[in-house]
Each structure stands twice: as C-alpha cells, then as structure tokens.
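Worksheet: one structure, shown below.
Just so we're clear, the structure is a prediction, and the values are computed from it rather than from any experiment. To find a chain, count down the sequence lines: A is the first, B the second, and so on, and within it residues start at 1.
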There are 2 protein chains.
Amino acid sequence: MGEVLTYHTTVRDEWIDYNGHLSEAFYVLVFGFATDHLMEKVGMDERYRADTGCSLYTVEAHVRYLREVAPRSELTVTTQVISVVDKKLRFCHEMTVGDTLVATEELLALHVANARAAPFPDDVAARLRRYQRPVPDYAGRGIG
Amino acid sequence: MGEVLTYHTTVRDEWIDYNGHLSEAFYVLVFGFATDHLMEKVGMDERYRADTGCSLYTVEAHVRYLREVAPRSELTVTTQVISVVDKKLRFCHEMTVGDTLVATEELLALHVANARAAPFPDDVAARLRRYQRPVPDYAGRGIG
C-alpha cells in the first residue's frame with residue numbers, strides 16, 4: 001500500500017459564491033494546488049520545469065461536488081496515484097473538511113517535454129508510484 | 001432541434017498560470033458563468049432565487065481540456081441541454097476560441113428548494129428544453 005499525500009489550505013473569502021459557499025471553480029483551484037504539491041514531491045518542481053522544459057498538463061478532470069463548503073473552512077486534500085504508464089498519469093484527489101468528504105476529483109494528465117507528450121523519466125515515475133493506492137470505486141465512471 | 005445558447009467573455013490576466021495559459025480552474029469559472037447565463041435565460045435568475053428559495057447545484061462535472069488558451073483570448077461558450085427529468089438537469093458547455101474547440105464540460109445539476117432537491121417548475125423545465133439538442137459523443141463517458 002502506497003503512502004498518503006496530504007495538502008492543507010483554508011477557504012478564502014474571494015472563493016465564495018452568491019450562495020455563500022465555496023464556488024465550483026475554486027474546488028478545482030484547490031485541487032490544482034494539490035497537483036502542484038504532488039509535482040513538488042516527485043521532483044517536478046519549478047526548477048525541473050525550467051531545467052528540462054517538461055511539465056504536466058491536465059487533459060481531463062471529473063469532479064464530484066458532494067457537500068457545500070463554508071467560508072474559512074480548513075480543507076485537507078489527500079492525493080493518490082492510480083497509474084503511471086508511459087506518458088500518462090491517472091490520479092485522484094479527495095477533499096475533506098474535518099471527517100467529512102466534500103469533493104473528489106479524478107484526473108488524467110500527460111507529461112510533456114517542450115509541449116509534446118513524452119514518457120515520464122524513470123525516477124519521476126518511481127516517485128509517483130510511491131503514492132499508488134487501490135483504485136477508488138468512483139474512478140473510471142461517467143457522470144451518473 | 002433546439003436553440004443554441006452562447007455566452008462570450010475575455011480571458012483575464014489573473015486567470016493565467018505559470019505556464020502562461022488559462023489555468024484549469026478558470027475554464028471551470030467561465031463554464032460557471034455560462035451556467036449562470038443559462039439560468040437567467042430560463043427564469044432562474046437572482047430574483048427567482050430570492051423569491052422562491054430555489055437554486056441549481058452542480059453535482060458532477062467532467063471537463064476535457066483540449067487546447068491551451070492564450071492570455072486575453074476571446075472565448076465563446078455554447079450551451080446545450082441533454083435532459084431535464086424531475087429534479088435533474090444534464091447539460092454540456094463547449095468553449096471555443098475562433099473556430100477551435102478548446103474545452104468541453106458535461107454537467108449534472110440538481111434543482112433545489114431551500115437546500116433540498118425538488119422537481120423543476122414546469123415553466124422552467126419547458127424553457128430548459130428549448131436548448132435541448134442531440135447528445136454529444138463525449139457525454140456519459142468516463143475518463144479515457
């Protein structure tokens with residue numbers, strides 16, 4: 001069983017919509033911060049991107065909005081890798097407030113070198129696989 | 001064949017990420033503006049929400065990021081309804097820059113009355129169905 005990666009942040013006032021709760025785009029923004037955190041953990045940080053011309057591009061995202069999130073909430077995002085195959089990375093984020101799961105995001109991303117898809121370097125792939133865990137039951141499904 | 005609903009906006013500088021392109025969360029923000037535009041068109045505007053205590057909550061979203069989008073790009077979002085059944089609305093947004101499709105979003109939303117799911121009023125459902133069009137081939141699929 002792989003390691004669990006966690007990222008923490010606090011809901012900012014400018015992320016709140018007219019219903020008084022976290023707006024849908026800002027769940028995705030926070031999930032993006034958690035993706036940046038994963039990239040740093042596996043060596044795909046700002047320096048790697050500058051030195052190699054490589055980066056990670058999100059191709060598809062499936063978000064499930066499960067609960068409303070109040071202003072100033074403390075968010076925890078746990079990240080797990082589903083698979084790393086060649087140039088493709090599949091992974092999931094789960095967002096919680098306290099013990100309550102409030103949203104999930106399943107992602108497909110591509111490793112790119114100078115804007116063209118390219119296999120992950122072996123060392124980066126190996127570090128990504130440290131966070132590989134069993135596939136959640138919501139992954140791979142269409143909107144239902 | 002239903003009507004096509006379009007929404008226009010321009011990419012703002014604060015939506016650009018470290019790669020110099022529209023950041024993933026801000027595609028979702030723009031799609032959210034297009035959802036607000038749909039709500040206004042079918043009578044679910046701010047006054048409706050205040051008068052009735054009803055609103056529309058996004059439950060799931062599947063985003064496909066197809067092309068990078070440059071700063072200051074002129075965006076067009078076309079919106080089409082897939083189905084309106086009881087309290088559930090399925091719909092899609094497609095984002096273009098000029099003639100190029102840059103992203104799609106498939107959504108499942110619930111009509112809620114005072115935070116509990118409730119069927120759409122008949123007149124709102126009828127207006128939503130004006131925008132009903134054939135189901136796009138990417139709808140209903142898992143991440144692939």
Counting heavy-atom pairs under 4.5 Å to chain B, which of [options] comes out on top?
options	answer
A:R49, A:K88, A:R64, A:R141	A:R49
A:L66, A:T35, A:V28	A:V28
A:T104, A:V30, A:D36	A:D36

For chain A, which candidate among [options] shows the most heavy-atom pairs at distances under 4.5 Å?
options	value
B:G142, B:A61, B:S23	B:A61
B:E106, B:E105, B:H21, B:E46	B:E106
B:V59, B:L108, B:L29	B:V59

### Query
Among residues 3-19 of chain A, which ones touch chain B with a heavy-atom distance under 4.5 Å?
A:Y18, A:N19

### Query
Any idea how B:F26 and A:F26 line up, ring-wise: parallel (<30°), tilted (30 to 60°), or perpendicular (>60°)?
perpendicular

Taking the side chain as every heavy atom from C-beta outward, state whether [X] and [Y] have any atom pair closer than 4.5 Å.
X	Y	answer
B:T58	A:Y65	yes
B:V63	A:E60	no
A:L107	B:E24	yes

### Query
Does B:D123 CG have over 12 foreign heavy atoms under 6.0 Å away?
yes

### Task
Tell me, for B:F31 versus chain A, whether the close heavy atoms (under 4.5 Å) come from the side chain, the backbone, both or neither.
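Neither part, no heavy atoms under 4.5 Å.
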
### Query
What part of A:Y27 gets closer than 4.5 Å to chain B, counting heavy atoms only: side chain, backbone, both or neither?
neither

